[in-house]
Amino acid sequence: MTTLLLTVAAIAVSTLAVLWLRRIDPKRTRVLNKSATGEPSKPMRLLGWALALLPMAALIALGNIAAFIIWLAAMTVIGWLLARQRGPMPNSLERVV
C-alpha cells in the first residue's frame with residue numbers, strides 16, 4: 001500500500017471514531033442542551049478510544065513513519081475543528097433584570 005492510501009484510511013477511521021466519541025460525550029450533550037440517551041457505558045467509551053487510536057498503532061507497526069506524522073497532524077487539526085462547536089449564548093439581558 002502506498003503512504004497516501006494508508007494515511008487517508010487511517011485518518012478516515014480515526015475521524016469517524018472521534019465523531020462517535022463526540023456524540024456520546026455526556027458533558028458535551030448537557031452543555032449544548034441536546035437530548036442525551038443516558039451515560040454511555042465505560043466499555044463503549046473505551047471502544048471509541050481504541051478505534052480512534054488503532055490506526056496510530058497500525059502505522060507504527062508497519063514502520064510507515066511519514067504516514068504516522070501526517071495522521072498525527074491531521075487528527076490534531078480535526079480535533080480542533082470538532083471541538084469548536086459552542087454552546088448556546090446566554091441572554092445577558094435576563095441576567096441583568
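In what follows, residues are counted from 1 in the order of the sequence shown.
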Nearest heavy-atom pair of Leu51 and Val13: which atoms, and what distance?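 Reported closest heavy-atom pair: O-CG1, 3.8 Å.
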If you look at every heavy atom in Leu21 and Arg45, which pair is closest and at what distance?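 What the structure gives for the nearest pair is CD2-O, 3.8 Å.
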Do you reckon [X] sits in the same ILVMFWY cluster as [Y], going by side-chain contacts under 4.5 Å, direct or chained?
X	Y	answer
Met75	Ile65	yes
Leu19	Trp71	yes
Phe68	Leu62	yes

Tell me which donor-acceptor pairs under 3.5 Å the side chains of residues 52-59 have, and how far apart each pair is, sequence neighbours excluded?
none

Taking the side chain as C-beta and beyond, is there a heavy-atom pair between Trp20 and Met44 under 4.5 Å?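 SC-SC contact between Trp20 and Met44 confirmed.
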For residues Thr2 and Leu6, determine if any side-chain heavy atom of one lies less than 4.5 Å from a side-chain heavy atom of the other.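 Side chain of Thr2 against side chain of Leu6, heavy atoms only: no contact under 4.5 Å found.
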Does Leu16 sit in a hydrophobic cluster with other residues, and if so which ones, taking ILVMFWY side chains as linked at heavy-atom separations under 4.5 Å, directly or through other members?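 None; Leu16 is a cluster of one.
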